[in-house]
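Below: one structure, written as structure tokens.
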Amino acid sequence: MDAVTLLTTTRSVRRKLDLDRPVSKAVLEDCLRIAQQAPAAGSLLTAQRWVVVLDPAVRQEIAAITREGAEESWRKYAHLVSPRMATSARYLVEHLDQVPALVLPCMPGPVPTGTAELSAYYGSIYPAIWSFQLALRTHGLASSLCSYHLGGREADVARILGIPDDVAQIGLLAVAYSTQREFSPAARPDVAEILSFDGWARH
Ligand SMILES: Cc1cc2nc3c(=O)[nH]c(=O)nc-3n(C[C@H](O)[C@H](O)[C@H](O)COP(=O)(O)O)c2cc1C
């Protein structure tokens with residue numbers, strides 16, 4: 001797959017995840033090795049840690065916590081997303097315990113305050129998260145962020161996984177082989193609506 005196709009057709013996949021096909025440690029390690037080439041702030045180049053949950057019993061516990069967080073999140077924010085996306089998100093949350101791999105990227109805590117610090121902090125993990133998602137795609141896998149436990153239930157997940165108190169969880173990725181091979185570019189704003197040269201433009 002060429003780079004433009006990979007970049008424009010890698011989607012958040014929730015309903016087309018193969019819940020019956022296991023994901024090997026080797027393929028996840030390979031994708032993470034690729035993701036480690038992503039940029040990060042110099043001081044945070046080696047800061048990230050990743051926890052992968054393959055154990056079905058542990059997945060079930062994390063899925064239950066995610067479900068609670070998701071219900072709370074949907075009560076607050078469901079009106080902001082399309083009905084199609086809401087249905088898709090609900091499907092994933094309802095099946096999360098069956099998703100073969102749950103992946104939690106982590107960073108040293110606490111999460112900083114201040115625009116520059118926050119920018120460097122999240123900017124030093126999200127490029128790797130996206131690279132990881134792209135790398136998964138090259139192996140026929142798909143993923144979606146499903147981070148609802150971050151709304152106050154991080155400690156519950158940390159306790160289950162033995163994540164130390166001074167480590168911050170950045171997200172939770174549901175990872176599985178995809179039952180769909182072909183994806184299309186999504187609807188996004190036209191570049192002309194979001195770009196201006198040599199100064200801010202009112203569109
Ligand atoms: C920071 C971030 C957080 C996200 N959190 C969730 C989430 O909690 N649940 C979910 O279903 N999707 C989540 N997503 C996926 C977005 O919903 C998805 O990227 C968006 O709908 C666009 O769809 P696409 O990725 O298929 O282009 C998240 C994405 C990002 C970048």
Side-chain angles (χ1 to χ4, degrees), residues 7-17 19 48 50-51 53 58-107 109-134 136-137 141-161 163 167-176 178 180 183-191 193-194 203:
L7 288 166
T8 56
T9 67
T10 299
R11 303 263 72 83
S12 297
V13 179
R14 305 182 186 88
R15 281 186 283 200
K16 304 288 181 181
L17 298 175
L19 303 178
Q48 50 187 264
W50 296 60
V51 181
V53 184
V58 181
R59 280 178 359 222
Q60 207 157 21
E61 287 186 75
I62 293 174
I65 295 167
T66 297
R67 214 166 287 137
E68 291 171 10
E71 291 295 345
E72 206 169 286
S73 168
W74 292 331
R75 275 194 294 276
K76 283 195 241 169
Y77 304 116
H79 64 287
L80 298 176
V81 305
S82 70
R84 189 165 180 269
M85 196 186 296
T87 305
S88 172
R90 186 169 283 281
Y91 176 90
L92 177 58
V93 168
E94 282 170 0
H95 293 83
L96 195 63
D97 57 314
Q98 299 164 53
V99 174
L102 305 181
V103 178
L104 293 105
C106 298
M107 288 285 276
V111 176
T113 51
T115 306
E117 290 79 3
L118 262 182
S119 172
Y121 187 78
Y122 284 112
S124 295
I125 183 74
Y126 263 105
I129 292 174
W130 178 230
S131 288
F132 182 69
Q133 293 184 274
L134 294 171
L136 290 169
R137 178 100 188 281
L141 289 122
S143 61
S144 176
L145 277 156
C146 190
S147 312
Y148 300 106
H149 75 286
L150 296 185
R153 290 173 172 79
E154 300 93 322
D156 297 336
V157 168
R159 203 171 311 114
I160 292 166
L161 299 177
I163 296 174
V167 170
Q169 298 160 56
I170 305 300
L172 189 156
L173 285 161
V175 174
S178 178
Q180 183 175 326
F183 292 89
S184 304
R188 292 286 199 267
D190 193 90
V191 168
E193 292 171 28
I194 59 167
H203 294 283

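We're numbering straight along the sequence, starting at 1.
Taking 4.5 Å as the limit, every side-chain heavy atom of I62 sits out of range of all side-chain heavy atoms of D97. Residues Q169 and R153 fail the side-chain proximity criterion, which asks for heavy atoms closer than 4.5 Å. Side-chain contact between S12 and L145 is absent, with no heavy-atom pair separated by less than 4.5 Å. Side-chain contact between W74 and V81 is absent, with no heavy-atom pair separated by less than 4.5 Å. Counting heavy atoms from C-beta outward, R15 and H95 have side chains that stay 4.5 Å or more apart. Using a 4.5 Å heavy-atom cutoff, the side chains of L7 and W130 are in contact. Between V111 and L118 there is a side-chain heavy-atom pair separated by less than 4.5 Å. Contact check for Y148 versus I65: no side-chain heavy atoms found under the 4.5 Å cut-off.
H149 and E68 share no donor-acceptor pair across their side chains, judged by distance under 3.5 Å alone. Side chains of S143 and R137: a donor-acceptor N/O pair is absent below 3.5 angstrom, by distance only. Side-chain contact, W50 with Q48: a donor N or O sits under 3.5 Å from an acceptor N or O.
Minimum heavy-atom separation, F132 to V103: CE2-CG1, 4.0 Å. Residues A176 and P100 share a closest heavy-atom pair of CB-CD, 3.6 Å. Heavy atoms only, all atoms of each residue included: S124 and M107 are closest at CB-CE, 4.0 Å.
In this structure a side-chain-to-backbone donor-acceptor pair under 3.5 Å is missing from S73 to G69. Judged by distance alone, with hydrogens and angles left aside, the side-chain atoms of R59 form no donor-acceptor pair with the main-chain N or O of A101 at under 3.5 Å. Looking at S119, its side chain never comes within 3.5 Å of a backbone N or O of T115 through a donor-acceptor pair.
Summarising the geometry, atom CG belonging to L102 is positioned 12.0 Å from atom CD belonging to E61; distances are rounded to the nearest 0.5 Å. In this structure, OG in S144 is found 4.0 Å from CZ in R14, a value given to the nearest 0.5 Å. Annotation: the span from L173 atom CG to C146 atom SG amounts to 9.5 Å, rounded to 0.5 Å. One finds the CG atom of L150 at 9.0 Å from the OG1 atom of T66 (value rounded to the nearest 0.5 Å). Here the OG-CD1 distance, from S147 to I170, works out to 9.5 Å after rounding to the nearest 0.5 Å. Separation of atoms CG (L141) and CD (Q133) is listed at 11.5 Å; rounding is to 0.5 Å.
The residues R159 and D156 are annotated as salt-bridged, a charged nitrogen and a carboxylate oxygen being separated by less than 4.0 angstrom. Between E94 and R67, none of the side-chain N atoms (NZ, or NE/NH1/NH2) sits under 4.0 Å from a carboxylate O, so this pair counts as no salt bridge.
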- side-chain contact (heavy atoms from CB on, under 4.5 Å) assessment of R188 paired with E193: CA-CA 10 Å; R188 292 286 199 267; E193 292 171 28; over 6 Å; no
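At most 12 non-hydrogen atoms from other residues, nucleotides or ligands lie less than 6.0 angstrom from OH of Y77.
Using cut-offs of 30° and 60° on the angle between ring planes, the pair Y122 and Y126 is tilted.
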